[in-house]
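We name chains A, B, ... by the order of the sequence lines, and we start the count at 1 in each one.
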Amino acid sequence: MTRLSQYFLPTEKQPPADAEALSHKLLVRAGMIRQVGAGLWSWLPAGWRVHQKAVQIVREELDAIGAQEMLMPVLNPAELWQKSGRYDAIGGELFRLKDRRGADMVLAMTHEEVVTSHVAQVVRSYRDLPLILYHFQTKERDEPRPRAGVLRTREFIMKDSYTFDRDAAGLDVGYDKHREAYDRIFDRCGLEWYRVDSDVGMMGGTGAHEYMAPCPAGENDVALAPGYAANVEVASATPQPVELPEALDAPEEFSTPGATTIEAVATLAGVPAGALIKAYPIIVGEDELRLVLVRGDHKVNDIKLGNALGASFRPAHEAEFEDRIGPAGFIGPVGVSGVPILLDAALDGHSYIAGANKADAHLRGVDPARDFEFTQVDVRSVVAGDTVDGHEIRIEPAIEIGNIFKLGTRYSVPLGATYLDEDGQSHPIWMGSYGIGPARICAAAVEQFADEKGISWPRSLAPFDIHLVGLGKPGTDEAALADKLYDELRALGLDVIYDDREGGPGAKFADAELLGCPLRLTIGKRTIEAGEIEAQVRRGRETRSVPLEGAAEAAHELWKTLP
RNA sequence: CGGGGCGUGGCGCAGCCUGGUUAGCGCGCGUGCUUUGGGAGCACGAGGUCCCCGGUUCGAAUCCGGGCGCCCCGACCA
């Protein structure tokens with residue numbers, strides 16, 4: 001049933017008052033999604049068609065690398081999650097509940113536990129490997145802050161796949177297969193996308209990439225340069241040079257009353273912020289004090305720092321460092337003993353200004369190589385204008401639409417997924433996990449291609465191939481022609497939404513452009529008079545005409561050429 | 001979890017500060033007539049627990065207290 005007179009497509013002229021993101025506004029206005037609660041959305045018929053198109057593309061490309069589709073439940077016994085350790089490791093994001101008998105249950109936010117438990121039971125031998133399993137299943141996550149319509153929700157469908165291999169080399173093969181499949185998937189979806197290096201996070205894997213679709217509503221920042229793409233969480237780049245004062249034979253104290261900020265000291269000393277050393281005291285683990293140093297114009301990147309430390313940390317309170325280092329606002333590395341120092345690699349000069357570890361004083365002429373002991377690290381956040389291989393990077397917001405992750409034996413060991421090798425030796429299975437959010441693909445497509453009139457779907461995702469607008473009243477020649485064309489287009493295998501409603505042309509054109517199907521055909525009086533049909537290509541809104549004779553075939557051919 | 005904002009027919013809003021006829025406006029919806037290639041016109045009409053509970057008051061959408069819901073910024077994001 002794809003006659004608009006009967007189709008459940010509640011379009012709106014005005015976006016919901018509380019919508020901010022473009023995809024949120026347009027998907028609601030176009031009648032594709034409706035909100036049920038915070039982070040909870042229904043997909044209406046047209047929206048669900050788009051979602052299903054994305055799902056099918058993902059399915060085809062995973063099947064093509066030999067992955068096997070299955071289905072695992074959302075409701076899980078807590079025991080599985082206790083075994084993997086995540087029941088305690090994850091905070092409020094995991095929905096926990098009890099069944100009628102009082103047994104602890106969880107709503108799965110992903111399916112490593114379940115799939116690994118199956119593999120643990122079934123796989124005995126190296127002959128059973130490698131193996132790729134996947135499903136499309138609802139994920140439940142009690143997000144602290146759902147936002148932007150369908151971009152970040154508490155319940156959503158995810159494609160998650162899992163590779164099982166005998167060793168790290170095997171994992172690399174399964175990982176590369178996914179990388180290639182993902183590249184094809186996002187190309188087929190018609191999106192602009194990047195594959196970026198990403199943080200392995202608390203899951204502690206051995207490698208990860210994210211697939212990012214750049215757009216203003218994105219929650220992540222991506223650093224991009226020719227041949228380089230990385231999440232800013234992990235990006236590294238060559239810093240912009242900074243002009244340093246002349247080197248001195250030894251650090252020299254000078255008075256800086258009340259100057260506790262980088263800006264104040266830089267102004268006072270008449271040097272750029274980059275000529276200062278910013279000192280950031282942290283507590284690693286329980287109570288181990290360390291001092292992290294970055295250039296004055298740089299910021300410490302907590303994720304990079306966490307990775308460099310290989311441990312969790314927190315900023316130190318003043319009471320924890322003032323005795324061992326100095327008063328807040330005036331701390332620096334010179335003369336500090338018993339506190340390990342981490343020096344960011346961007347501090348490669350020989351004459352910086354640093355705190356003197358006493359109130360109202362700083363030192364100039366500080367040379368890290370000469371004046372204190374340190375371990376060199378890369379823990380700063382890159383900024384636009386830094387370079388990679390001589391190319392300036394830019395930083396763009398992007399939506400994460402997929403990720404691929406080398407898990408290693410993080411789940412196979414606690415859940416007992418092992419195999420016997422040729423010599424009868426038991427080994428843990430090496431795993432990878434790979435996610436894609438079809439809803440985010442839909443939202444990203446809206447964000448990237450919408451114009452002032454509405455959505456412009458890529459052909460591969462559009463809810464319908466052709467939007468047929470009938471302007472004639474029932475009983476007219478135009479109406480009969482539109483009916484006939486509708487049948488002919490469908491006979492060619494095209495998905496057609498047919499606007500057979502009563503009503504003016506303006507409203508119909510507006511709805512067609514809002515809904516965003518790639519090709520619009522209009523049948524009215526003019527059509528018969530002119531002997532040709534108006535065809536509007538949604539992307540760019542360029543109008544063409546198709547001869548009435550053989551119109552369905554001609555429209556089909558035109559459609560095939562569209563983005 | 002911190003900060004800010006909002007809650008009034010399906011959608012978007014006004015009214016609230018300064019309590020008082022029947023709670024208004026635009027869009028949408030129904031019926032009829034006219035209109036039909038860019039969100040039509042006229043007429044008539046339907047549709048509301050003013051988020052909930054309690055309080056103040058002769059009288060509460062409006063004032064007070066509590067609660068709930070939703071949005072935005074930040075923190076968080078296996």
Side-chain angles (χ1 to χ4, degrees), chain A residues 8 10-21 24-25 28-29 31 34-41 81 84-95 106-113 139-149 151-154 156 158 160 198-205 208 210 217 219-220 231 233 302-303 314-315 399-400 403 405 407 410-411 433 435 437 453-454 469-474 476 478-479 482 499 501-514 520-530 532-536 541 543 545:
Chain A
F8 191 61
T11 58
E12 298 287 347
K13 274 191 190 173
Q14 285 163 310
D18 51 20
E20 203 73 21
H24 180 184
K25 292 178 182 172
V28 172
R29 283 192 54 211
R34 280 280 163 121
Q35 185 165 25
V36 176
L40 300 171
W41 291 84
W81 291 67
S84 75
R86 291 166 100 190
Y87 190 82
D88 295 316
I90 296 174
E93 207 178 344
L94 179 65
F95 280 106
V106 308
L107 298 177
M109 45 201 298
T110 178
H111 281 80
E112 279 84 3
E113 281 79 1
K139 301 291 181 268
E140 305 284 352
R141 300 179 185 185
D142 198 357
E143 289 285 348
R145 185 151 111 79
R147 62 176 291 273
L151 227 46
R152 184 166 209 88
T153 55
R154 294 195 292 174
F156 62 98
M158 181 163 94
D160 39 327
S198 76
D199 182 38
V200 295
M202 291 173 66
M203 305 243 294
E210 289 164 339
E219 296 186 283
N220 299 87
N231 194 318
E233 290 177 347
D302 287 349
I303 291 168
R314 62 171 172 82
I399 300 177
E400 183 186 348
N403 64 71
F405 199 100
L407 283 174
R410 161 70 181 80
Y411 292 91
S433 80
K453 296 288 184 179
V469 175
L471 296 178
K473 279 192 210 171
T476 60
E478 309 91 90
D499 192 345
R501 296 174 300 181
E502 293 180 31
K508 294 187 175 188
F509 293 148
D511 272 353
E513 283 160 354
L514 180 58
R520 185 186 84 196
L521 300 176
T522 305
I523 307 287
K525 252 186 226 157
R526 256 191 223 175
T527 313
I528 294 176
E529 288 162 6
E532 51 190 28
I533 295 173
E534 184 204 274
Q536 189 211 50
R541 299 179 63 232
T543 301
S545 52

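Closest to the side chain of Ala17(A), out of G12(B), G39(B), C71(B), is G12(B). Listed nucleotides: C70(B), C11(B), C27(B). Nearest to the side chain of Gln14(A): C11(B). Checking A78(B), G28(B), A75(B) against every side-chain atom of Lys13(A), the shortest atom distance belongs to G28(B). Side-chain proximity of Ala38(A) to A75(B), C71(B), G28(B): nearest is C71(B). Comparing C11(B), G39(B), C73(B) against the side chain of Arg145(A) picks out C73(B) as the nearest. The side chain of Gln536(A) sits closest to G38(B) out of A78(B), G38(B), G12(B). Across C72(B), C11(B), A78(B), the shortest atom-to-atom separation from the side chain of Glu20(A) is found for C72(B).
Separating the P atom of A43(B) from that of C27(B) is a span of 12 Å, rounded to the nearest Å. Annotation: G47(B) and G4(B) have their P atoms spaced 42 Å apart (nearest Å). C42(B) and G28(B) have their P atoms separated by 12 Å, given to the nearest Å. Rounded to whole Å, the separation between the C1' atoms of A60(B) and U18(B) comes to 14 Å. Taking atom C1' on both nucleotides, U62(B) is separated from U8(B) by 11 Å, rounded to a whole Å. One P atom belongs to C50(B), the other to G38(B), and the distance between them is 43 Å to the nearest Å. Using atom P as the reference point in both G9(B) and A14(B), the two lie 13 Å apart (nearest Å). For C63(B) and C16(B), the P atoms lie 9 Å apart once the distance is rounded to whole Å.
Interface remark: the Glu513(A) side chain does form a donor-acceptor pair with the G38(B) base, using a distance-only criterion of under 3.5 Å. Within 3.5 Å, a donor on the side chain of Arg520(A) pairs with an acceptor on the base of G38(B), or the reverse. One N or O donor and one acceptor, one from the side chain of Lys473(A) and one from the base of U36(B), sit under 3.5 Å apart.
Across all strands shown, Gln35(A) has heavy atoms under 4.0 Å from sugar-phosphate atoms exclusively, and none from any base. Using a 4.0 Å heavy-atom cutoff across all strands shown, Arg147(A) reaches sugar-phosphate atoms only and no base atom. Residue-level contact check: Ala21(A) touches neither bases nor backbone, having no heavy atom under 4.0 Å from any strand. No engagement by Gly92(A) is indicated, since no non-hydrogen atom pair under 4.0 Å with the nucleic acid exists. At a threshold of 4.0 angstrom between heavy atoms, the contacts of Pro10(A) with the nucleic acid are absent.
In this structure, Arg29(A) contributes its side chain and Leu514(A) its backbone to no donor-acceptor pair below 3.5 Å. Formation of a donor-acceptor pair under 3.5 Å by the Lys473(A) side chain with backbone atoms of Glu502(A) is not found in this model. For Glu12(A) (side chain) and Gln14(A) (main-chain N/O), no donor-acceptor pair under 3.5 Å exists by modelled atom type. Side chain of Arg141(A) to backbone of Arg154(A): no donor-acceptor contact under 3.5 angstrom is found.
With a 4.5 Å cut-off on side-chain heavy atoms, Glu143(A) and Glu93(A) count as touching. Under the 4.5 Å side-chain criterion, counting only non-hydrogen atoms from C-beta, Asn231(A) is in contact with Asn220(A).
Projected onto RNA chain B by closest heavy-atom contact, Arg141(A) and Pro15(A) fall at different nucleotides, the more 5' of which corresponds to Pro15(A). Nucleotides of RNA chain B nearest to Glu233(A) and Val36(A) differ in position, and the one nearer the 5' end is that of Val36(A).
Atom CD in Glu12(A) sits about 8 Å away from atom C1' in G28(B), given to the nearest Å. Distance, Phe156(A) CZ to A78(B) C1': 10 Å, rounded to whole Å. To the nearest angstrom, C1' of C27(B) lies 12 Å from CZ of Arg29(A). Straight-line distance from the CG atom of Asp302(A) to the C1' atom of G74(B): 14 Å, rounded to whole Å. Atom-to-atom, CD of Glu143(A) to P of G74(B) comes out at 15 Å; the value is rounded to the nearest Å. Rounded to whole Å, the distance from CG on Leu94(A) to P on A78(B) is 13 Å. Spacing between atom CZ of Phe509(A) and atom P of U36(B) amounts to 15 Å, rounded to whole angstrom units. Distance CG (Asp511(A)) to P (G38(B)): 15 Å, rounded to an integer number of Å.
Of all heavy-atom pairs spanning Ala108(A) and Trp81(A), the tightest one is CA-CZ2, 3.9 Å.
Where pairing requires Watson-Crick or G-U contacts shorter than 3.5 Å, the helical stems of RNA chain B with at least three consecutive pairs are B:1-7 with B:68-74, B:10-13 with B:24-27, B:29-34 with B:40-45, B:51-55 with B:63-67.
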> Is there a side-chain hydrogen bond (donor to acceptor under 3.5 Å, both in side chains) between Glu112(A) and Ser433(A) once you walk through the steps?
Replying inline: CA-CA 8 Å; Glu112(A) 279 84 3; Ser433(A) 80; 3.3 Å; yes
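Ile528(A) CD1 to Thr476(A) OG1: the interatomic distance, rounded to the nearest 0.5 Å, is 7.0 Å.
For the side-chain hydrogen bond (donor to acceptor under 3.5 Å, both in side chains) test, residues two or more places apart in sequence or in another chain that qualify with Glu113(A) are Ser84(A), Arg86(A).
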